[in-house]
Amino acid sequence: MRWIFLCLSVIFLAGCATYKQDIEAGLSLAKEGEWKEAEAKLEGVLDNSQDKLLYYMEIGALAQNQGDFERSNALLEQAERMSDTFFPENFTNRSWALLSNPRQSDYHGSGMERVYISYLKSMNYLALAAGENNTAKKRHLNDAALVEVRRIDIKLNEIRAQNPSYQDLNAKENQAFYMKALSWLGDFYTGGRDTDQFLYRDDAWARYMEGLQYEINGEYDDARISYQKAANLYEDGYAKQYDLPTVTSERAWLDTIRMMQKGGFSQSEIQQQVNAKLSAEMQETLKQYQSGDAELVVLEHQGFIPDKREMTLLLYADPRAYSLVLEPLHGGGSIEANDAFRWFTMVYADINPLNLIANYKTGGAWGTFSGIFTKRVILGRPVWQQLNSAKVDTLLTQQTIRVTVPYYGRFTLDKHQTTLQVNNPKAKVKNHSVRMTSLADISFQEQLAQAQRDIYEGLIRELLRSWLAYQVAANVQDESASLILNLIGQVAVFASSAADTRNWLTLPAQVRLTREPLPPGEYTPDYTVNKKTFSLGKVNLEANKITLWNLRNPN
């Protein structure tokens, strides 16, 4: 009886609310720029052991937006420690999540989120250094920012070592036909899709920011190396992968060349790079940089990363083909339902030959075509016999099982033209902003890369939960009680199916960069985008110094 009670407790464990639904009130306030109020709302929702990493990341980001840089760093340092220790997954924690729902497991964070913990910390240290008058303390804070830059470098090197580079992808694209065919055949059981192209393998923008921070500290050779790494990444595939303008690589090359000028490279070497890497327009931008100038650098962190949603799939058995079939639950013509269906056909639908053959054998020509709307998991006769002996096949033919998986809906990024005014009659702004990265696209593609894992984990979890509910009912002697328990179990399992939709939602959707060399002096810069103006206030730009404006635009 105690075993039955335990199983029912697991089955009834609710998992319907997504992470976005839980934090909706706080996130809505953040999107209005009400950072303090948003923090108060999120603190209560995220104050649990499973979401502790999210708590430190979300609240740390909101503290930075309030200008509370020291507290932000304290919170993000906690996130730093947890993101490192979370990688060895706790077996008990993982098992409990498998029996209940994935929100019961500790949140581990993505590779991108680990990188941007250090990114935000470096921004905090730079802001603290800018407000410090004591020379020794200012230097110490700038050094602390460089420590975070080196952490970024280490993290990116770890990520790069685990994933194919852009050069690897290009080599794969250009390989002989028979090698492509072998690779294609090897993709049968991954849905026939090459997920390597969606992986987060490096970060050109983070590399660029390394260069900027080295330049701020006068370490010009290190700045040159980082800028050049960024330029190569933008050229090799980062800009194409995340739909960025091609001028991103030129901007990085321009700053590489400026560091060559400051680092004592010969004029012939510099001119060779200018001719090879810069367009005529960008060469004119390079000429704007004069000895003794100051520079205003605006980093506009705009919008918010899109939230993950939950898609419902129905699982049923097809004994004739010794397989399981997953089909999206059609929810009418709403935008969200259409997005879910498009995600399914893009990521999961049966397009590889083995599944097409199985669909044809069970349903003829129409069965082949209907595979566009289903995902078939071919088990084969031996595995099916094992399911038969455990009576799982009976379970699958008597009821439909709900499987939920995370997905991203469609989103659009702000593309309004930005305007920088410095309000000084002696200076005229000539440069426009450049969209240097899209964290929204990085998150989207990371989800694409792990989509197959999500669906198989969801399938196993719901099969196990349904089987436990079935066993509870089957072990009750009283026939009426057994029927009631079976019905209750089916309803509970169906209703409590959940996907893990957690991610760091207070990160910006994109980052736009404006760099403007100006004569030294006093300025009151204004930055306008989409009819909204942000003001830096009065600032003194010093000769041969960079003034950094870290601007958080919630809209």
Could you check whether any side-chain N or O of E132 sits under 3.5 Å from a backbone N or O of N134, counting only pairs where one atom can act as donor and the other as acceptor?
yes

Check the surroundings of atom CD in E158: do more than 12 heavy atoms from other residues, nucleotides or ligands lie under 6.0 Å from it?
yes

Has the side chain of N555 got a donor or acceptor atom that lies under 3.5 Å from a matching backbone atom of G303?
no

Regarding D202 and K229, does a basic nitrogen lie under 4.0 Å from an acidic carboxylate oxygen?
no

Should R435 and L513 be marked as a side-chain contact (heavy atoms from CB on, under 4.5 Å) after you check the CA-CA gap, both sets of side-chain angles, and the distance that decides it?
CA-CA 6 Å; R435 190 165 65 94; L513 169 74; over 6 Å; no

How close do P554 and F304 get, counting heavy atoms only, and between which atoms?
O-CE1, 3.4 Å

Is R258 close enough and on-axis enough to Y289, meaning under 6.0 Å and within 45°, for cation-pi?
yes

Kindly give the heavy-atom pair with the smallest separation between A223 and G211, and that separation in Å.
CB-O, 3.4 Å

Residue pair T506 / E58, side-chain donor-acceptor N/O under 3.5 Å
yes

So among L146, N142, L141, I546, which one has a side-chain contact (heavy atoms from CB on, under 4.5 Å) with L126?
N142

Applying the side-chain contact (heavy atoms from CB on, under 4.5 Å) criterion to R515, which one of T285, L254, L420, D255 satisfies it?
D255

Full working for side-chain contact (heavy atoms from CB on, under 4.5 Å) between K36 and E39:
CA-CA 5 Å; K36 189 173 182 179; E39 179 181 334; 5.6 Å; no

Expected output: side-chain T248 to main-chain L244 donor-acceptor under 3.5 Å:
no

Trace of the side-chain hydrogen bond (donor to acceptor under 3.5 Å, both in side chains) decision for Q213 with S122:
CA-CA 9 Å; Q213 295 199 42; S122 69; 3.0 Å; yes

Would you say that more than 12 heavy atoms from the other residues, nucleotides or ligands in this model lie under 6.0 Å from the NZ of K138, or not?
yes

Run the salt-bridge test on E210 and R150 with the 4.0 Å N-O cut-off and return the result as yes or no.
no

Could you tell me the separation between the CG atom of N124 and the CD atom of Q64, rounded to the nearest 0.5 Å?
4.5 Å

Looking at side-chain heavy atoms only, is the closest gap between H108 and L53 below 4.5 Å?
no

Between Y119 and H301, does the ring centroid distance fall short of 6.0 Å?
yes

Give a yes or no on whether the ring-centroid distance for Y166 and Y238 is below 6.0 angstrom.
no

One thing to verify: whether E37 and K41 come together as a salt bridge, which I'm taking to mean a side-chain N less than 4.0 angstrom from a carboxylate O.
no

Begin from the C-alpha positions of S28 and E24 and carry the test side-chain hydrogen bond (donor to acceptor under 3.5 Å, both in side chains) through to its verdict.
CA-CA 6 Å; S28 295; E24 180 64 43; 2.9 Å; yes

Within a radius of less than 6.0 Å around CD of Q417, do more than 12 heavy atoms belonging to other residues, nucleotides or ligands occur?
yes

Could you walk me through whether D339 and R309 satisfy the salt bridge (charged side-chain N to carboxylate O under 4.0 Å, His left out) test, starting with their C-alpha distance in whole Å, then the side-chain angles of each, then the deciding distance to 0.1 Å, before giving a yes or no?
CA-CA 10 Å; D339 285 353; R309 303 173 186 176; 3.7 Å; yes

If we ignore hydrogens and angles and just use 3.5 Å, is the side chain of S443 paired with the main-chain N or O of L439 as donor and acceptor?
yes

Polar contact flag, side-chain donor to acceptor under 3.5 angstrom, E80-S118
yes

Nearest-0.5 Å distance that lies between atom OG1 in T514 and atom CG in L299
8.5 Å

Checking the side chain of Y348 only, and the main-chain atoms of A451 only, is there a donor and an acceptor separated by less than 3.5 Å?
yes

At what distance, to the nearest 0.5 angstrom, does NZ of K262 lie from CD of E219?
13.0 Å

With no hydrogens and no angle check, just 3.5 Å: does a side-chain donor-acceptor pair link D454 and Q447?
yes

Tell me whether E516 contacts the main-chain N or O of K430 through its side chain, where contact means a donor paired with an acceptor under 3.5 Å.
yes

Going by the side-chain hydrogen bond (donor to acceptor under 3.5 Å, both in side chains) test, name the single residue among E300, K532, Q510, Q302 that passes it with N553.
E300

Check whether any side-chain heavy atom of W504 lies under 4.5 Å from a side-chain heavy atom of I117, and answer yes or no.
yes

Between E281 (side chain) and L278 (backbone), is there a donor-acceptor pair under 3.5 Å?
no

Hey, are D526 and S535 close enough side-chain-wise for a donor-acceptor pair under 3.5 Å?
yes

Should Q271 and N275 be marked as a side-chain hydrogen bond (donor to acceptor under 3.5 Å, both in side chains) after you check the CA-CA gap, both sets of side-chain angles, and the distance that decides it?
CA-CA 6 Å; Q271 192 58 47; N275 294 338; 2.9 Å; yes

How close do E522 and N424 get, counting heavy atoms only, and between which atoms?
O-ND2, 3.0 Å

Decide, yes or no, whether a salt bridge links R151 with E77 under the criterion of side-chain N to carboxylate O below 4.0 Å.
yes

Please report the interatomic distance CD(Q421) to OH(Y527), rounded to the nearest 0.5 Å.
12.5 Å

Over all atoms of both residues, closest heavy-atom pair of S433 and R512
OG-CD, 4.1 Å

Grab the two heavy atoms, one from G111 and one from Y200, that are nearest each other, plus how far apart they are.
C-CE2, 3.9 Å

If only side-chain N and O atoms count, and only distance matters, is there a donor-acceptor pair under 3.5 Å linking Q197 with Q241?
no

OH of Y523 to OG1 of T547: how many Å apart, nearest 0.5 Å?
10.5 Å

Salt-bridge present (K121, E148; N to O < 4.0 Å):
yes

Please walk me through it: do Y214 and Y220 pass ring pair (Phe, Tyr, Trp, His ring centres under 6.0 Å)?
CA-CA 7 Å; Y214 281 126; Y220 299 127; over 10 Å; no

Using atom types as modelled and distance alone, determine if a side-chain donor or acceptor of N503 lies under 3.5 Å from a backbone N or O of L505.
no

Ignoring hydrogens, what is the shortest heavy-atom contact between A30 and A38? Give both atom names and the distance.
N-CB, 3.6 Å

Between F444 and W343, does the ring centre distance come in under 6.0 Å?
yes

Ion pair check, K277 and E235, cut-off under 4.0 Å:
yes

Side-chain H-bond candidate by donor/acceptor type, Y107 with E113, under 3.5 Å:
yes

State whether a side-chain donor-acceptor pair under 3.5 Å links T246 with E250.
no

Donor-acceptor contact present, side-chain W35 to main-chain A63, <3.5 Å:
no

Do the non-hydrogen side-chain atoms of F344 and M311 ever get within less than 4.5 Å of each other?
yes

Does the side chain of D203 pick up a donor-acceptor pair with the side chain of Y116 at under 3.5 Å?
yes

Salt bridge present between K308 and D500 (N-O < 4.0 angstrom)
no

So does Q228 get a backbone contact from the side chain of N232, meaning a donor-acceptor N/O pair under 3.5 Å?
yes

